[in-house]
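Have a look at the structure below, then the notes.
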Amino acid sequence: MLIRVTEQPLKPDEAVAAVTRAEAGAVVVFLGVVRNNNLGRTVNHLVYDAYPSMAEKVLATIASEARDRFSLGDCAILHRTGRLEIGEASLLVAVSAGHRVAAFEAAHWLVDEVKKRVPVWKKEVWSDGESWIEGPESLGLQQTPASLR
Amino acid sequence: MLIRVTEQPLKPDEAVAAVTRAEAGAVVVFLGVVRNNNLGRTVNHLVYDAYPSMAEKVLATIASEARDRFSLGDCAILHRTGRLEIGEASLLVAVSAGHRVAAFEAAHWLVDEVKKRVPVWKKEVWSDGESWIEGPESLGLQQTPASLR
Amino acid sequence: MPVTLLLFASIAEKAGRRRIEMDLRDGDTVHSVCERLLLDYPHLRPFFPRLMFAINEEYARDDALVPPGATLALIPPVSGG
Amino acid sequence: MPVTLLLFASIAEKAGRRRIEMDLRDGDTVHSVCERLLLDYPHLRPFFPRLMFAINEEYARDDALVPPGATLALIPPVSGG
């Protein structure tokens with residue numbers, strides 16, 4: 001199980017090699033790539049912040065859940081941090097399974113869970129400003145007492 | 001659009017680079033990998049035969065259909081031929097799309113169509129024999145007149 | 001103008017060849033060409049109920065006319081991927 | 001034994017720091033620690049309705065007890081991927 005939060009570029013070949021198993025006929029890889037636009041605004045680049053030690057723990061938990069849920073061969077989840085340019089990969093998920101249906105389902109589920117649960121944040125930088133993105137897919141809001149609001 | 005039938009090993013990094021677009025936030029890659037077993041039998045290796053020129057035409061047709069159907073950024077389909085060992089990739093599909101749902105759906109659809117339509121055949125080689133596989137996912141049987149049966 | 005038959009995978013192994021040249025006759029269809037092939041290769045008959053065909057790299061029905069100089073591929077159920 | 005608060009992303013930028021040490025009192029919960037934090041950093045209050053919390057790298061509710069020496073992370077809605 002390859003789990004990593006890193007400032008280095010993410011390499012599909014490495015992740016594929018890490019999950020390939022003699023008994024697994026299907027490998028699916030997902031890459032989240034920095035787009036040049038979001039919600040109608042032109043994006044110049046992104047900056048990712050993370051809580052790396054906790055993020056790796058949460059990634060490992062998600063990976064274990066996926067292995068149980070989808071009877072996977074193996075899986076790899078890598079998240080990049082720091083400044084990323086357009087076209088660079090911020091998230092790489094790779095899974096192997098006996099057959100393709102399980103591999104596609106598991107990869108999709110893993111990406112969904114990463115976006116809900118892993119303490120990583122992106123800032124969009126435009127030509128005329130910047131903003132931290134508060135993920136619409138983040139875990140439901142914590143119950144916060146009225147006194148803190 | 002990267003379409004290729006080749007005896008050379010398939011490289012995920014190359015396919016990812018080929019489909020990456022500044023406006024596409026999601027890349028999904030599928031690899032079909034030679035398994036060490038099938039239907040309860042231990043597989044030693046596979047041999048793929050192909051009608052390469054027609055296979056590339058059919059792959060290009062499928063790729064075009066996918067681009068219309070799923071509003072893809074781009075897609076790549078590569079099929080390897082010749083002798084393949086356990087753990088080697090026989091099929092590589094890569095797609096890019098604005099968002100992940102389209103990318104996952106398109107990649108899955110492409111793999112299904114490749115298995116139905118592309119003139120490529122695998123032979124399983126076991127320790128004690130071998131057999132050409134007639135794909136259970138192949139296009140429906142041609143209407144064949146009784147005189148040829 | 002001859003027609004060139006291409007054979008692959010199981011049927012190529014059984015025939016012992018991947019390519020067969022045949023004469024073309026007026027009005028020849030996939031079906032009629034294959035009937036003449038089976039006169040010379042009767043042991044290939046068991047493959048035909050499951051074959052597909054392609055004329056010049058396009059899938060074709062067995063009642064399709066075979067044009068002069070065509071390449072006619074005999075295509076067992078595919079199993080790529 | 002102090003408690004170490006970790007701040008990230010938007011709230012770290014607003015606070016001008018990523019790490020704050022605070023004293024821990026008997027019976028301190030996430031909530032009570034944060035109330036004391038807001039005495040020194042009142043401009044962070046608008047973030048709280050959307051924050052999640054983690055104690056020692058595990059998500060925790062705001063009524064969870066904070067153990068001595070804990071690391072308490074203030075976690076804005078995540079946006080990885």
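Quick caveat: nothing in here was measured; it's all calculated off a predicted structure.
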Part of A:V16 within contact of chain B (heavy atom distance under 4.5 Å): side chain
Chain B contact via A:A107 - which portion, at a heavy-atom distance below 4.5 Å: both
Can you pull every donor-acceptor pair closer than 3.5 Å across chain A and chain B?
| residue | atom | partner | partner atom | Å |
| --- | --- | --- | --- | --- |
| A:D13 | N | B:D13 | OD1 | 3.0 |
| A:D13 | OD1 | B:D13 | N | 2.9 |
| A:A22 | O | B:N36 | N | 2.7 |
| A:G25 | O | B:V33 | N | 2.8 |
| A:V27 | N | B:L31 | O | 2.9 |
| A:V27 | O | B:L31 | N | 2.8 |
| A:V29 | N | B:V29 | O | 2.8 |
| A:V29 | O | B:V29 | N | 2.8 |
| A:L31 | N | B:V27 | O | 2.8 |
| A:L31 | O | B:V27 | N | 2.9 |
| A:V33 | N | B:G25 | O | 2.8 |
| A:N36 | N | B:A22 | O | 2.7 |
| A:R100 | NE | B:D112 | OD1 | 3.0 |
| A:R100 | NH1 | B:E137 | OE2 | 3.4 |
| A:R100 | NH2 | B:D112 | OD1 | 2.8 |
| A:R100 | NH2 | B:E137 | OE1 | 2.5 |
| A:D112 | OD1 | B:R100 | NE | 3.0 |
| A:D112 | OD1 | B:R100 | NH2 | 2.8 |
| A:E137 | OE1 | B:R100 | NH2 | 2.5 |
| A:E137 | OE2 | B:R100 | NH1 | 3.4 |

Top of B:V111, B:V33, B:V29 for chain A proximity - count of heavy-atom pairs under 4.5 angstrom: B:V29
Largest heavy-atom contact set with chain A, pairs under 4.5 Å, which of B:G87, B:A26, B:A94: B:A26
Residue part contacting chain A, namely of B:A24, when any heavy atom lies under 4.5 Å: backbone
Region of B:V101 in contact with chain A, defined by heavy-atom distances below 4.5 Å: both
